[in-house]
Number of protein chains: 2
Amino acid sequence: MKKATIEDVARKANVSVATVSRVINAQGGVRKSTEEKIVQAIKELNYVRNAVARSMVRKETKTIAVIVPDICNPFFSEVVAGVERKAIAKDYFTMVSSSNESKINERKLIQHIIERGVDGVVVTTADESGEQLKPLFDLRVPIVAVDRVIKNYQVDTVIIGNREGAYEAVRHLIHEGHKDIAIIRGPQNTTPGYERYNGYVQAMKEFGLDIREEFIGDGDFREDSGYEIAKKFSQLDTPPTAIFSSNNLMSIGALKAIQEMNWKLGEEISFLGFDDIEIATFTRPQITTVSRPMRQLGEVAFQLLYDQLMEENIEERKSREIILTPHLNVRESCKRKIVL
Amino acid sequence: MKKATIEDVARKANVSVATVSRVINAQGGVRKSTEEKIVQAIKELNYVRNAVARSMVRKETKTIAVIVPDICNPFFSEVVAGVERKAIAKDYFTMVSSSNESKINERKLIQHIIERGVDGVVVTTADESGEQLKPLFDLRVPIVAVDRVIKNYQVDTVIIGNREGAYEAVRHLIHEGHKDIAIIRGPQNTTPGYERYNGYVQAMKEFGLDIREEFIGDGDFREDSGYEIAKKFSQLDTPPTAIFSSNNLMSIGALKAIQEMNWKLGEEISFLGFDDIEIATFTRPQITTVSRPMRQLGEVAFQLLYDQLMEENIEERKSREIILTPHLNVRESCKRKIVL
DNA sequence: CTGTTAGCGCTTTCAA
DNA sequence: TTGAAAGCGCTAACAG
């Protein structure tokens, strides 16, 4: 069966293509009886309108692009699901691609995206400088940044309170009696990496605690780095009594290391991780985490994008920043045990 | 900056659009010096070709659709990542959508997909009857089914050996000394649900073991159902000594229930789950699982699709079925403890 | 209410 | 080696 065109329909219904177009797009101003004829013809021919041709003349694709570092990271899966859910409700389709944290990949994706003329893009960028996004800005393609900001450009942004979340987490550790608190940092050229570290520093300073250099581990938000760093911490002459990990994947890596080193979780070493992780409630003791509204992050992102899409004089808008609140999920992994 | 068109480039380079088109598409037959002029113009104007217009005339979008039940299920994330990775390498873009296991949603998505004229689709269908996919078949859109088959139509398919995997799993349980083995089944109108149950039955029969009705729990592949069923098992007068769960999410639910009921994992109750789960190595004892090559599933799926895309007389092809092998990942959760 | 028609930006004959 | 021109299927004036 070949795809029927609007012309086929017009012919079959004995009307002009313009009239058919009117009923397809529910624009009204068509006599009831005519409409019925057309609807009938559409049904018989199994006609579906060709979005490509439509996009061609309307200059809109009803498609948005979503770029994330890695769709397999449950955090991003949820964000994407949030975006998609809102998008589909507004009749937008979503193209998801992963940059694998590579600025170069991201640049290539941008190229594709521009070619395809998407109406907007939601991005968690692999490089916050935003250079690789320049073509998008030049073209005035609506953009919203999620979870990571984009510097050097005015962009609608939705993030969570990274510093606040980390601060609260570390404060909790301190309240539990810890002084020797180590941190597994994320990349310091990313907002989440940098700000969470900031929160750590803020809490430590506020309570007059030393920040020892060997207690700062530089990770890359991936599992392996968490593993390696935790291992190193455990081998220190004076190991920390608590570890704060800056994201989900590194937490998992770190916990693997802790198990492997036979470092007694909750006794010899306390642990607190940014981001919810599935395993949090399965370990003994259960893991305390900073959890954040992932799906909501995506939903809000689409909303911001949609607002831009609907807006008239896009040039004159101020960019907006929405900060969602993380939540400390106190479980059991942070009690300071007095070692005699 | 407005998007430059091929005409702008032609004007700037003092040639015709046809010539520009030739160099854009690297078709050759253009004098070196002319080409250089054009390349120069393209650069100066920041020209990117308009894929919409191109699709219009070429009747191909270089886009494929991927439909999965739920992108947040790590299994599907991995599959999608596999598809995407192979696709991008061949210059295809990927549109991912979740059906949420709803046939109705899936039908709507199909509608969108047809409108947009994707070149092919990879689908893990929410309903194996395949009715909702009919429009796709009518239009001869290349399709490949992943993880779940499509009945009533000839479709390229890539699945894993569900029955074999389940059989091996249950046999392992039996070898470990279990006789009272319960199963958390998936939906029996899905291949994975049905075949895994089949494998269970096969193993039980082969070893002359009773299949007791109260040991069969009907889940829906979601976490909650696993939770509820495991709970029920634990409250039986004679509870099972081992549980075999049919997928990742139900395993997680079941394990939550087991913890909650204070049912001693590895002592009072053994556990084996289909699918890898992150928590497998974090519990004590660690969970034995049937793992399957998720990413490869996606990669092979794209390959099958790509073959169709490249094929000439698509009508005459026989459909292919590729069966990947699952792997029993023996850990610690299956030993039969002798209860005195 | 309905029809005619001019594009949208590109590829692809066909001719030169 | 190049250019002219005919569409691809649709929307959106404009005219009737």
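Everything numeric here is computed off the predicted structure, so don't read it as measured data. Convention: sequence-line order gives letters A, B, ...; per-chain numbering from 1.
Put simply, A/Lys3 has no side-chain N or O that comes within less than 4.0 Å of OP1 or OP2 on D/dG9. For A/Thr19 and C/dG3, the shortest distance from a side-chain N or O to OP1 or OP2 is below 4.0 Å. In terms of phosphate contacts, B/Lys59 brings a side-chain nitrogen or oxygen within less than 4.0 Å of OP1 or OP2 of D/dG9. The side chain of A/Arg54 places an N or O atom within less than 4.0 Å of a non-bridging phosphate oxygen (OP1 or OP2) of D/dT11. Put simply, B/Thr5 has no side-chain N or O that comes within less than 4.0 Å of OP1 or OP2 on C/dG9. Phosphate proximity of C/dT11 to B/Ser21: present, with a side-chain N or O under 4.0 Å from OP1 or OP2. Neither OP1 nor OP2 of C/dC8 sits under 4.0 Å from any side-chain N or O of B/Asn50.
With respect to the salt-bridge test (charged N to carboxylate O, under 4.0 angstrom), the residues A/Asp307 and A/Arg320 qualify. A salt bridge links A/Glu101 to A/Arg148: one of the charged nitrogens lies within less than 4.0 Å of a carboxylate oxygen. Checked for salt-bridge contact, A/Lys134 and A/Asp138 meet the test: a charged N lies under 4.0 Å from a carboxylate O.
Out of D/dT11, C/dT2, C/dC10, the shortest distance to the side chain of A/Thr34 is found at C/dT2. Distances were taken from every side-chain heavy atom of B/Ser16 (C-beta onward) to each of D/dC10, D/dG3, C/dT4; the shortest belongs to D/dG3. Of all nucleotides listed (D/dT1, D/dC10, C/dT11), D/dT1 comes nearest to the side chain of B/Arg31. Out of D/dC10, C/dC10, D/dT11, the shortest distance to the side chain of A/Tyr47 is found at D/dC10. Residue A/Arg22 places its side chain closer to C/dT2 than to any other of C/dT5, D/dG7, C/dT2. The B/Ala18 side chain lies nearest to D/dA5 when the options are D/dT11, C/dG9, D/dA5.
The CE-P distance, from A/Met56 to D/dA12, rounds to 14 Å in whole Å. If you take CD of A/Glu60 and C1' of D/dC10, they are 13 Å apart, rounded to a whole angstrom. In this structure, A/Ile114 atom CD1 and C/dG9 atom P are separated by 16 Å, rounded to whole Å. Rounded to a whole Å, the NZ atom of A/Lys32 is 12 Å from the P atom of C/dC1. Rounded to a whole Å, the NZ atom of A/Lys37 is 8 Å from the P atom of C/dG3. Atom P of nucleotide C/dA6 and atom CZ of A/Arg58 are separated by 22 Å, given to the nearest angstrom. Look at CD1 on A/Ile6: it is 14 Å from C1' on C/dT2, rounded to the nearest Å. The CZ atom of B/Arg116 sits 18 Å away from the P atom of D/dG9 (whole-angstrom rounding).
Nucleic acid contact for B/Gln27: sugar-phosphate only, since backbone atoms but no base atoms lie under 4.0 Å from a heavy atom of the residue. Counting non-hydrogen atoms under 4.0 angstrom, B/Val15 reaches the backbone sugars and phosphates but no base.
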### Task
Begin from the C-alpha positions of B/Phe221 and B/Asn73 and carry the test side-chain contact (heavy atoms from CB on, under 4.5 Å) through to its verdict.
CA-CA 10 Å; B/Phe221 278 155; B/Asn73 181 328; over 6 Å; no
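The number of heavy-atom neighbours closer than 6.0 Å to CZ of A/Arg107, taken from other residues, nucleotides and ligands shown, is above 12.
A parallel orientation is assigned to the rings of A/Phe137 and A/Tyr153, their planes being inclined by less than 30° (bins at 30° and 60°).
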